[in-house]
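Okay, structure first, notes after.
No hydrogens, no waters, no symmetry mates; every other heavy atom, side chains included, goes into these values. In this text the structure is predicted, and so the values were computed from the model without any measurement.
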Amino acid sequence: MDQIIVQGGGELYGDIPITGAKNACLTLMPATLLTDQPLTLTNAPRLSDIKTMTDLLQSLGAEVVSMQDGQVLAMSSHDLTSQTADYEIVRKMRASILVLGPLLARYGEAIVSLPGGCAIGARPVDLHLRALEAMGAQLDLREGYVHAKAPSGGLKGAVIDFPLVSVGATENALMAATLANGTTVIRNAAREPEIVDLAECLRRMGAQIEGEATGTITVQGVRSLHGATHPVVTDRIELGTYMLLPAICGGEVECLGGRLDLIGAFAEKLDEAGISVSQTERGVKVARKNGRVRAVDVVTEPFPGFPTDLQAQMMALMCTAEGTSVLEEKIFENRFMHAPELTRMGARIEVHGGHATVHGVEKLRGAPVMATDLRASISLILAGLAAEGETVVSRVYHLDRGYERVVRKLRDVGANIKRIKEAHPDE
């Protein structure tokens, strides 16, 4: 497997382009299953997860063509040959469950394997299934597959009350509701930018949706949807990750295409820590002010709160902050697996259940470390950039799922970093 080698110790300066959001694109791609007309996505990220979703859609008979070096995806589901999402593809990525709602809404039946993904907790799909049952679906779980059938007249509008906020369940319910008979009201719905982006795309396809940013979404079902072209929203997690570069290493970096409205709670924590953050005409500019970063406490919450997908990266920053910080993870269990690896680099971290206490140290030291999931991978690279000496990060295949050309982007702002073993033409 590949390794990434980081030589720490230098300030970083320059521009980093921010791509389209992985989580948004993975949600938008299954929307093609709702119509027999073409759906084209622009500003698509070039990631292995996008390839996995492409493989899944193609296994169903959809046409997916990647153009303009992967930044445009042209899709068509005019002649599907299957409504079964096979385990061998679905097990690679949790977002695969998002084909369930569209297949059920348009074809009246679907067989979808229970998904896999990063090992960061149980992340059950029961809320997805509960929402579809509320719309009249008959569900049967057999041998690791969800067998779903709509009533004879199709899915029916319903009131869906989620007991807790779930991004994926909101997305599945929203897509299914666009073709349901009557009105669907989704309460306690997720409000993430990816949800808003999906609603905007579905409206371009002819759906009638209101309230996607409010927590209560109302959908008036229509008989059919049509084709559309839609730009994928900026990746707020990639944005937040690269905003941390000058915070950890010193220097000044401008994240091109970045929008602070996508990441307000995170930006507020950087400001509290003593980091300069400003919106510019080109994106978001970040610089470290004089002196050491101040320790701040963080609680992960659904949007508009602090994103769970930036918790690991924020912990890397807090490792060398002045003072003690407490990070509370309220979204996923088992999401502090990067903490033991950071301690190998000299960090002082105590983990108790969903709380991690980080006592800032003067410096980190380079060490061999192992990535456990996507966000842990990049947090270890960030820590390596701030450490004295060489850091070797193993199991970096996770990175390819969520960060496009990460080595090249970091080199472009002055990082001493390389990827070894397997050949990667872009890096």
Would you say the side chain of Ile50 lies within less than 4.5 Å of the side chain of Leu26, judging by non-hydrogen atoms? yes
For Thr19, is there any backbone N or O sitting under 3.5 Å from a side-chain donor or acceptor partner on Glu238? yes
Return yes if a side-chain donor-acceptor contact under 3.5 Å exists between Thr183 and Gln220, otherwise no. yes
For Ala347, what residues pass the side-chain contact (heavy atoms from CB on, under 4.5 Å) criterion, not counting sequence neighbours? Cys319, Leu342, Ile349, Leu364
Check whether any side-chain N or O of Arg187 sits under 3.5 Å from a backbone N or O of Ile160 as a donor-acceptor pair, and report yes or no. no
Pairwise side-chain contact, Leu374 with Tyr403, heavy-atom cut-off 4.5 Å (strictly under): yes
Got a donor-acceptor contact below 3.5 angstrom from the Gln58 side chain to the Val64 backbone? yes
Reference residue Arg203; test side-chain hydrogen bond (donor to acceptor under 3.5 Å, both in side chains); the match among Glu212, Glu210, Gln208: Glu212
d(Thr308 OG1, Arg375 CZ) to nearest 0.5 Å is 9.5 Å
Does Asp15 have any salt bridge (charged side-chain N to carboxylate O under 4.0 Å, His left out) partners at least two apart in sequence or in another chain, and if so, which? Arg282
Is any side-chain heavy atom of Leu164 less than 4.5 Å from a side-chain heavy atom of Leu127? yes
Does the Lys409 side chain pair with the main chain of Pro17, one donor and one acceptor, at a distance under 3.5 Å? yes
Under a 3.5 Å distance rule, please check whether Thr170 uses its side chain to pair with a backbone N or O of Ala190 as donor and acceptor. yes
Just so I know, are the side chains of Ile331 and Pro302 near enough to count as touching, which here means a heavy-atom distance under 4.5 Å? yes
So which heavy atom on Gly211 is nearest to which on Ile217, and how close? O-CG1, 3.8 Å
Atom pair NE2/CG of His338 and Leu380 - distance to nearest 0.5 Å: 8.5 Å
Audit row: Leu56, Lys92, side-chain contact (heavy atoms from CB on, under 4.5 Å) steps and yes/no: CA-CA 10 Å; Leu56 177 57; Lys92 300 177 184 178; over 6 Å; no
Would the distance check show the side chain of Asp412 and the main-chain N or O of Gly14 forming a donor-acceptor pair, the cut-off being under 3.5 Å? no
Looking at Lys51 and Asp55, is any side-chain nitrogen of the basic one under 4.0 Å from a carboxylate oxygen of the acidic one? yes
Ignoring hydrogens and geometry beyond distance, is a side-chain donor-acceptor pair present between His128 and Glu171 at under 3.5 Å? no
Say whether, by atom type as modelled, one donor and one acceptor occur between the side chain of Glu192 and the main chain of Phe303 under 3.5 angstrom. yes
CD1 of Ile381 to CD1 of Ile378, rounded to nearest 0.5 Å, is 4.5 Å
Counting C-beta onward and ignoring hydrogens, is there a side-chain heavy-atom pair between Leu155 and Thr184 closer than 4.5 Å? no
The test is side-chain contact (heavy atoms from CB on, under 4.5 Å); show your working for His359 and Glu350 and say whether it passes. CA-CA 9 Å; His359 305 281; Glu350 303 162 5; 3.3 Å; yes
For Leu39 and Leu28, which heavy atoms make the closest approach, and how far apart are they? CD2-O, 3.7 Å
OG1-CG distance between Thr241 and Leu382, expressed to the nearest 0.5 angstrom: 6.5 Å
First locate atom CG of Leu73, then atom SG of Cys25, and finally report the distance between them rounded to the nearest 0.5 Å. 5.5 Å
Closest heavy-atom pair and its distance - Gln3, Ser394: NE2-OG, 3.1 Å
Kindly indicate whether the side chain of Lys418, heavy atoms from C-beta on, has any atom under 4.5 Å from the side chain of Gln7. no
Pairing residues for Thr300 by the side-chain hydrogen bond (donor to acceptor under 3.5 Å, both in side chains) criterion, not counting sequence neighbours: Glu329
Whether the side chain of Arg294 engages the backbone of Gly323 through a donor-acceptor N/O pair (distance < 3.5 Å, no angle test) should be reported. no
Taking every heavy atom of Met318 against every heavy atom of Val296, the minimum-distance pair comes out as SD-N, 3.4 Å
Please test Met243 against Ile275 for side-chain contact (heavy atoms from CB on, under 4.5 Å), starting from the C-alpha separation and ending with a verdict. CA-CA 10 Å; Met243 286 171 67; Ile275 307 302; over 6 Å; no
side-chain hydrogen bond (donor to acceptor under 3.5 Å, both in side chains) against Glu88, all qualifying residues, sequence neighbours excluded: Arg91
Ion pair Arg335/Asp309, N-O distance below 4.0 Å: yes
So if I apply the salt bridge (charged side-chain N to carboxylate O under 4.0 Å, His left out) rule between Asp400 and each of Arg395, Lys22, Arg419, Arg46, which one comes out positive? Arg419
Check: Arg288 side chain, Gly251 main-chain N or O, donor-acceptor pair, under 3.5 Å: no
Given Thr229 and Arg204, is the side-chain contact (heavy atoms from CB on, under 4.5 Å) satisfied, shown in steps? CA-CA 8 Å; Thr229 297; Arg204 283 191 167 102; over 6 Å; no
Nearest 0.5 Å, what's the CZ-CG distance between Arg411 and Leu12? 14.0 Å
Here the pair of heavy atoms bringing Leu198 nearest to Leu174 is CD2-CD2, 3.9 Å
Under-4.0 Å salt bridge between Arg405 and Asp69: yes
Just distance, no hydrogens or angles: give the donor-acceptor pairs under 3.5 Å from side chains in residues 257-271, sequence neighbours left out.
| from | atom 1 | to | atom 2 | distance (Å) |
| --- | --- | --- | --- | --- |
| Arg259 | NE | Asp261 | OD1 | 3.1 |
| Arg259 | NH2 | Asp261 | OD2 | 2.8 |
| Lys269 | NZ | Glu272 | OE1 | 3.4 |
| Lys269 | NZ | Asp297 | O | 2.6 |

Determine whether Val286 and Val253 make a side-chain contact, defined as any pair of heavy atoms from C-beta on separated by less than 4.5 Å. no
Is Asp373 reaching over with its side chain to a backbone N or O of Ala376, donor-acceptor style, under 3.5 angstrom? yes
Let me have the donor-acceptor pairs involving side chains of residues 29-37, under 3.5 Å, with sequence neighbours excluded, atom names and distances please.
| from | atom 1 | to | atom 2 | distance (Å) |
| --- | --- | --- | --- | --- |
| Thr32 | OG1 | Ser77 | OG | 3.4 |
| Thr35 | OG1 | Gln37 | N | 3.1 |
| Thr35 | OG1 | Leu225 | O | 2.8 |
| Gln37 | OE1 | Gly227 | N | 3.1 |

Give a yes or no on whether Gln279 atom CD has more than 12 heavy-atom contacts from other residues, nucleotides or ligands under 6.0 Å away. yes
List the atom of Thr178, the atom of Ala207, and the distance in Å for their closest heavy-atom pair. CG2-CB, 3.8 Å
Does any non-hydrogen side-chain atom of Met315 lie less than 4.5 Å from one of Val298? no
